[in-house]
Structure formats: structure tokens, C-alpha cells
A.B. asks: 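Below is a structure I'd like to ask you about.
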Amino acid sequence: MIVMYHYVRPVAASAWPRLKGLELDDFRFQLDRLGQSHRWVSMEQVLEAANGGAPLPEAAALLTFDDGYRDHAVHALPELLRHGIKAAFYPPVRAATERELLDVNKLHFILASLEDPGSLVDRVEDEASSLDRSIDLPTLRALHWKRNRFDDIRISYLKKLLQSALPQAVRTCILDGLFEHFVSHDQAQFADDLYMGLGELERLVDMGMHVGGHGVTHRRLSLLDRAEQEAEVAGCLPLLNRLGVSTNRFSFCYPYGDCDGTTLEVVAQAGFRGGVSTRATCAVIGEDNPLCLPRLDTTDILRS
């Protein structure tokens, strides 16, 4: 079993109590309970087993943390060390090295700032139409007005528009305006507070944790052409090399869990030995493609 985490913090007591994250107490509960029923393994062990090496123990569990949030260093790491867990962490390059606020996080905090975030649907559609008259909103509604497994129908639709369905330039323009209006005028400072920096990533490696690739700018790779995918994937290597990650231990985490056949080829050619997706089921080593191992979300497993 591979479990993925994103925000881990005392959510209700934070400045963003509506943020969709895991309460720190629930994280502690999960570690306590999973530790009773499972055997903790590292990404290195998973890579070895998935590529024909030593098998994993029965009821093996690997924990993974996406997006390089400072939450992971401040709140998750002490608990992992207390349990002797070697987890895997996946920071996007520009978030870690250039303090660039990712569009995905702009949207998270815009939604968390509003009591009724679904009320943004009309505003987003109006702004999209004014920015690009060629956008066919009725067709987009017909295609994407459906809920996902985490959100109600309006939030799911907003996420689809602002994460992939609208043109990139339109998405960024709308997100920047909403973020400035509802969240902060200073994206750089917000990013600096939100993401781990190089020093914290180096400490993770020093503590025996795994750090892998998660793209340069956290884009949906299947929407890119091959050259763009290669830039996003290979662009992770300088950071991993700087952190001293061994080349035979490279793993990749697909932003949004999104990949296609080209992506898998690009990841393999860049030297990554394994990859993790967001397909919500237990990984079966020896049956699942090592480059696209499924993961359970923290919401799929027990809470206190």
C-alpha cells in the first residue's frame, strides 16, 4: 500500500481552516494505527522490489508527500521520525528553488478563503469569456459539470476549468486576479511561507528520507507535447543531483497523477526507476507498472 499526503497541519486552528488538508491529530492517528497492521518500507525498497529485486514484507506500507509543503518539514517529519518511517517527498522544482507559487496552490487558497467557493463559477466563466471569446463555455459545462470523488459539482467544475480545461494564459490570468483579491498581494512571500526550501530538503535527505521528481512547474504532463514533457521531467534532475540523490534511486511523482504513454517513455529515458500516480488502489508489486504505481489518498484510509 502506498499512501499520498498533501497538506498536513492543525487545519482548524490555522489561518486557513477551510483548506482541504489532513488534521495533524488525524495524521498521528493514521501512523499509530497503520503501524499496528502494516510494515513500513522506503521508496528505495519499493523501487528494488518493483524492478525484480528483494521482495517487500507482507502488508508493506509506503508514505508519500506531494508538492514540497513546509507542512511536511514542520509537522509530518517529527512524527515520521518518531515512528522510524522513511517516507518519500516530491517537491516541484520552481516551488523549491525559485519560490514560485504554483497555480494549483493559488486555487487551493482561493477556495479556502471563501465560505461558498462555488459562488465563483459565474465570475470565472465571465472572466474567461472576456479574455478569450473563442472559449465555448456551453461545451465546457457539458463536458465537465460533474463531481469528482473529493468535491461537490461546482468545486469540481471550477477545478477542471482552472487546472486544465481553459487555455493556460487564461487560467493564469484569472487565478492571479482572484488570488490577489481574496488571498494575498504578495505571491513570493506566500510561496516562501508555503514551500520547503533547499535547506529543508537537504535535511530530509540527511534524515534518510527519499526525495523524487515532481516536475518543474507542476503541469499536467499529458497535455504537453513530447519536448515540453521532457523539459518538465529532465528539469528535475539538477535539483535531485544537488540534493545528492543517487541516480539509481530516482523516482517520479506525476503532477495531478496525470501521465500517458509518452510520459512513461520520457520518465524512463530520464533515468527514473519508478513512478507514482493517483490511481486509487493498493499497489501490487510485480503486477503494476513500476513507472506508474497506484496510491491511496489519505482520505481513503482510517481517521480518528
A.B. asks: Considering non-hydrogen atoms only, spot the tightest contact between Leu120 and Ile110 and give its length.
C.D. replies: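 Scanning both residues completely, I find the closest heavy atoms to be CD1-CG2, 3.7 Å.
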A.B. asks: Can you say whether the rings of Phe89 and Phe65 are parallel (under 30°), tilted (30 to 60°) or perpendicular (over 60°)?
C.D. replies: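 Geometry flag for Phe65 against Phe89: parallel rings.
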A.B. asks: Just wondering, are more than 12 heavy atoms of other shown residues or ligands nearer than 6.0 Å to CZ in Arg249?
C.D. replies: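 Atom CZ in Arg249 is not packed in, count stays at 12 or less.
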A.B. asks: Looking at every non-hydrogen atom in both residues, tell me the closest pair between Ser113 and Arg18 and how far apart they are.
C.D. replies: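 In this case the closest contact between Ser113 and Arg18 is O-NH1, 3.6 Å.
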A.B. asks: Find out if a path of hydrophobic residues (ILVMFWY) with successive side-chain heavy-atom gaps under 4.5 Å connects Met207 to Leu201.
C.D. replies: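 Result: yes, single cluster for both.
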A.B. asks: How about Arg203: does its CZ atom have over 12 heavy atoms from other parts shown lying under 6.0 Å from it?
C.D. replies: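 No, not enclosed.
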A.B. asks: With heavy-atom distances below 4.5 Å as the criterion, would you say the side chains of Thr298 and Phe27 are in contact?
C.D. replies: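 The answer is no, as the side chains (C-beta and beyond) never meet within the 4.5 Å cut-off.
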A.B. asks: Are Lys86 and Glu44 ion-paired here, with the side-chain N under 4.0 Å from a carboxylate O?
C.D. replies: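 Salt bridge between Lys86 and Glu44, a charged N being under 4.0 Å from a carboxylate O: no.
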A.B. asks: Salt bridge check, Asp26 against Arg33: does any charged N sit closer than 4.0 Å to a carboxylate O?
C.D. replies: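 Looking at Arg33 and Asp26, the cut-off is not met.
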A.B. asks: Should Ile85 and Met43 be counted in the same cluster of Ile, Leu, Val, Met, Phe, Trp and Tyr side chains packed under 4.5 Å apart?
C.D. replies: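 Cluster IDs for Ile85 and Met43 differ.
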A.B. asks: Is the CZ atom of Arg242 crowded by more than 12 outside heavy atoms at less than 6.0 Å?
C.D. replies: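 Atom CZ in Arg242 is not crowded, with 12 or fewer foreign heavy atoms closer than 6.0 Å.
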A.B. asks: Side chains of Ile285 and Leu293: does their closest heavy-atom pair fall under 4.5 Å?
C.D. replies: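 They are in contact (side-chain heavy atoms under 4.5 Å apart), so the answer is yes.
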A.B. asks: Start with the C-alpha gap between Ser129 and Asp126, add the side-chain angles, then the distance that decides, and say whether side chain to side chain donor-acceptor pair (under 3.5 Å) holds.
C.D. replies: CA-CA 5 Å; Ser129 182; Asp126 288 344; over 6 Å; no
A.B. asks: Could you please spell out the steps behind the side chain to side chain contact (heavy atoms under 4.5 Å, CB included) verdict for Thr64 and Cys253?
C.D. replies: CA-CA 9 Å; Thr64 63; Cys253 175; over 6 Å; no
A.B. asks: With rounding to the nearest 0.5 Å, note down the distance linking CG in Asn241 to OG1 in Thr247.
C.D. replies: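 So the CG of Asn241 and the OG1 of Thr247 are separated by 8.0 Å.
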A.B. asks: Evaluate the side chain to side chain contact (heavy atoms under 4.5 Å, CB included) criterion for residues Ser222 and Cys259: first the C-alpha distance (whole Å), next the side-chain angles of each, then the deciding distance (0.1 Å), finally the verdict.
C.D. replies: CA-CA 5 Å; Ser222 72; Cys259 61; over 6 Å; no
A.B. asks: Given 3.5 Å as the limit, does a donor-acceptor pair link the side chain of Asp288 with the main chain of Pro294, or not?
C.D. replies: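 No: the side chain of Asp288 does not pair with the backbone of Pro294.
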A.B. asks: Test of understanding: with side-chain contact (heavy atoms from CB on, under 4.5 Å), list the residues that count as partners of Arg94, not counting sequence neighbours.
C.D. replies: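 By the side-chain contact (heavy atoms from CB on, under 4.5 Å) rule, Arg94 matches Glu98, Glu100, Val216, Thr217.
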A.B. asks: Before you tell me yes or no, could you show the steps for Asp32 and His83 under side chain to side chain donor-acceptor pair (under 3.5 Å), namely the whole-Å CA-CA distance, both residues' side-chain angles and the distance that decides it to 0.1 Å?
C.D. replies: CA-CA 8 Å; Asp32 289 339; His83 284 267; 3.2 Å; yes
A.B. asks: Parallel, tilted or perpendicular: which one describes the rings of Tyr7 and Tyr69, with boundaries at 30° and 60°?
C.D. replies: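 Geometry flag for Tyr69 against Tyr7: parallel rings.
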A.B. asks: If you define the side chain from C-beta out and look only at heavy atoms, does anything of Arg279 sit under 4.5 Å from Arg295?
C.D. replies: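 When only atoms from C-beta onward are counted, Arg295 and Arg279 do not touch, as no gap falls below 4.5 Å.
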A.B. asks: Could you please spell out the steps behind the side chain to side chain contact (heavy atoms under 4.5 Å, CB included) verdict for Tyr157 and Val121?
C.D. replies: CA-CA 8 Å; Tyr157 177 63; Val121 168; 3.9 Å; yes
A.B. asks: One thing to verify: whether Asp297 and Arg149 come together as a salt bridge, which I'm taking to mean a side-chain N less than 4.0 angstrom from a carboxylate O.
C.D. replies: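 Salt bridge absent between Arg149 and Asp297.
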A.B. asks: Other residues, nucleotides and ligands only: do more than 12 of their heavy atoms fall within 6.0 Å of CZ on Arg39?
C.D. replies: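 Open: at most 12 neighbouring heavy atoms sit under 6.0 Å from CZ of Arg39.
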A.B. asks: Say whether Phe109 and Leu162 are linked into one hydrophobic cluster, either directly or through other cluster members, by side-chain heavy-atom distances under 4.5 angstrom.
C.D. replies: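 Shared cluster, yes.
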A.B. asks: Is any side-chain heavy atom of Trp145 closer than 4.5 Å to one of Ser156?
C.D. replies: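 No, their side chains stay 4.5 Å or more apart.
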A.B. asks: Has the side chain of Asp300 got a donor or acceptor atom that lies under 3.5 Å from a matching backbone atom of Leu296?
C.D. replies: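 Not at all, since once roles are kept as given, no pair shorter than 3.5 Å links the two residues.
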A.B. asks: Out of Val211, Thr97, Asp67, which one pairs with Pro91 under the side-chain contact (heavy atoms from CB on, under 4.5 Å) rule?
C.D. replies: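 For Pro91, the side-chain contact (heavy atoms from CB on, under 4.5 Å) check succeeds only for Val211.
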A.B. asks: Would you call Asp103 and Arg171 a salt bridge, using N to O less than 4.0 angstrom?
C.D. replies: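 Judged by the 4.0 Å cut-off on N to carboxylate O distance, Asp103 and Arg171 do not form a salt bridge.
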A.B. asks: Quick one, Met209 and Leu81 - any side-chain contact, counting heavy atoms below 4.5 Å?
C.D. replies: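 They are in contact (side-chain heavy atoms under 4.5 Å apart), so the answer is yes.
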A.B. asks: Would you say the side-chain atoms of Thr172 pair up with the backbone N or O of Ala169, donor to acceptor, closer than 3.5 Å?
C.D. replies: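 Pair absent, no side-chain N/O of Thr172 close to backbone of Ala169.
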A.B. asks: Which heavy atom of Gln30 sits nearest to which heavy atom of Ile301, and what is that distance?
C.D. replies: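 Shortest heavy-atom contact: NE2-CG1, 3.5 Å.
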A.B. asks: Quick check: closest heavy atoms across His38 and Ala61, and the distance to 0.1 Å?
C.D. replies: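 Of all heavy-atom pairs spanning His38 and Ala61, the closest is CB-CB, 3.8 Å.
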A.B. asks: Is the shortest side-chain N to carboxylate O distance from Arg70 to Glu200 below 4.0 Å?
C.D. replies: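 Result for this pair is yes, salt bridge flagged.
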A.B. asks: Can you get from Val104 to Val124 by hopping between Ile, Leu, Val, Met, Phe, Trp and Tyr side chains that sit under 4.5 Å apart?
C.D. replies: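 Linked within one cluster.
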A.B. asks: Quick one: pull up CG in Asp136 and CG in Leu143 and give me the separation to the nearest 0.5 Å.
C.D. replies: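 It comes to 9.0 Å.
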A.B. asks: Show your reasoning for whether side chain to side chain contact (heavy atoms under 4.5 Å, CB included) applies to Leu22 and His6.
C.D. replies: CA-CA 8 Å; Leu22 182 66; His6 291 85; over 6 Å; no
A.B. asks: Asp192 versus Phe190: any side-chain heavy-atom pair under 4.5 Å?
C.D. replies: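 They are not in contact (no side-chain heavy atoms under 4.5 Å apart), so the answer is no.
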A.B. asks: Minimum heavy-atom separation for Asp132 and Ser134, please, with both atom names.
C.D. replies: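 Closest pair (atom of Asp132, atom of Ser134, distance): OD1-OG, 2.5 Å.
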A.B. asks: Less than 6.0 angstrom separating the ring centers of His72 and Tyr5, yes or no?
C.D. replies: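 When the ring centroids of His72 and Tyr5 are compared, they turn out to be at least 6.0 Å apart.
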A.B. asks: I'd like to know if the side chain of Lys20 reaches the main chain of Phe150, judged simply by a donor and an acceptor atom lying under 3.5 Å from each other, with no hydrogens or angles considered.
C.D. replies: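 Judged by distance alone, yes, a pair lies under 3.5 Å.
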A.B. asks: Examine Tyr254 together with Phe252 and report whether their ring centres are nearer than 6.0 Å.
C.D. replies: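 So the answer is yes for these two rings.
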A.B. asks: How long is the straight-line distance from NZ of Lys106 back to CG of Leu101, given to the nearest 0.5 Å?
C.D. replies: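 So the gap between those two atoms works out to 6.0 Å.
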A.B. asks: If you measure from the Lys or Arg side-chain nitrogens to the Asp or Glu carboxylate oxygens, is any gap between Glu23 and Arg9 under 4.0 Å?
C.D. replies: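 Result for this pair is no, no salt bridge flagged.
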A.B. asks: I'd like to check the side-chain contact (heavy atoms from CB on, under 4.5 Å) partners of Lys159; sequence neighbours left out, ordered by chain and number.
C.D. replies: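 Lys159 satisfies side-chain contact (heavy atoms from CB on, under 4.5 Å) with Leu107, Leu111, Asp151, Ile155, Gln163 only.
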A.B. asks: May I ask you to check whether Ser164 and Tyr256 show a side-chain donor-acceptor distance below 3.5 Å?
C.D. replies: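 No - no donor-acceptor pair under 3.5 Å links their side chains.
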A.B. asks: Checking the side chain of Arg99 only, and the main-chain atoms of Ala95 only, is there a donor and an acceptor separated by less than 3.5 Å?
C.D. replies: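 Judged by distance alone, yes, a pair lies under 3.5 Å.
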A.B. asks: Answer yes when Arg28 and Asp25 have at least one side-chain N-carboxylate O distance shorter than 4.0 Å, and no when they do not.
C.D. replies: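 A salt bridge links Arg28 with Asp25.
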A.B. asks: For residues Gln45 and Leu62, determine if any side-chain heavy atom of one lies less than 4.5 Å from a side-chain heavy atom of the other.
C.D. replies: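 Not in contact.
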A.B. asks: State, with a plain yes or no, whether a side-chain heavy atom of Leu114 is found less than 4.5 Å away from one of Phe182.
C.D. replies: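 Result yes, sub-4.5 Å side-chain heavy-atom pair found.
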A.B. asks: Report yes or no: do His210 and Ser42 form a side-chain donor-acceptor pair below 3.5 Å?
C.D. replies: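 No pair is found: no donor N or O on one side chain lies under 3.5 Å from an acceptor on the other.
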A.B. asks: Is there a side chain to side chain donor-acceptor pair (under 3.5 Å) between Asp225 and Gln229 once you walk through the steps?
C.D. replies: CA-CA 6 Å; Asp225 63 31; Gln229 290 199 38; over 6 Å; no
A.B. asks: Between Gly215 and Cys236, which heavy-atom pair has the shortest distance, and what is it?
C.D. replies: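 Closest approach of Gly215 to Cys236: N-SG, 3.2 Å.
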A.B. asks: Mind checking whether Val233 and Val245 sit in one hydrophobic cluster, side chains of I, L, V, M, F, W, Y counted as touching below 4.5 Å?
C.D. replies: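 Yes.
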A.B. asks: Scan Val93, Val266, Leu221 and name whichever one has a side-chain contact (heavy atoms from CB on, under 4.5 Å) with Glu232.
C.D. replies: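 Of the listed residues Val93, Val266, Leu221, the side-chain contact (heavy atoms from CB on, under 4.5 Å) partner of Glu232 is Leu221.
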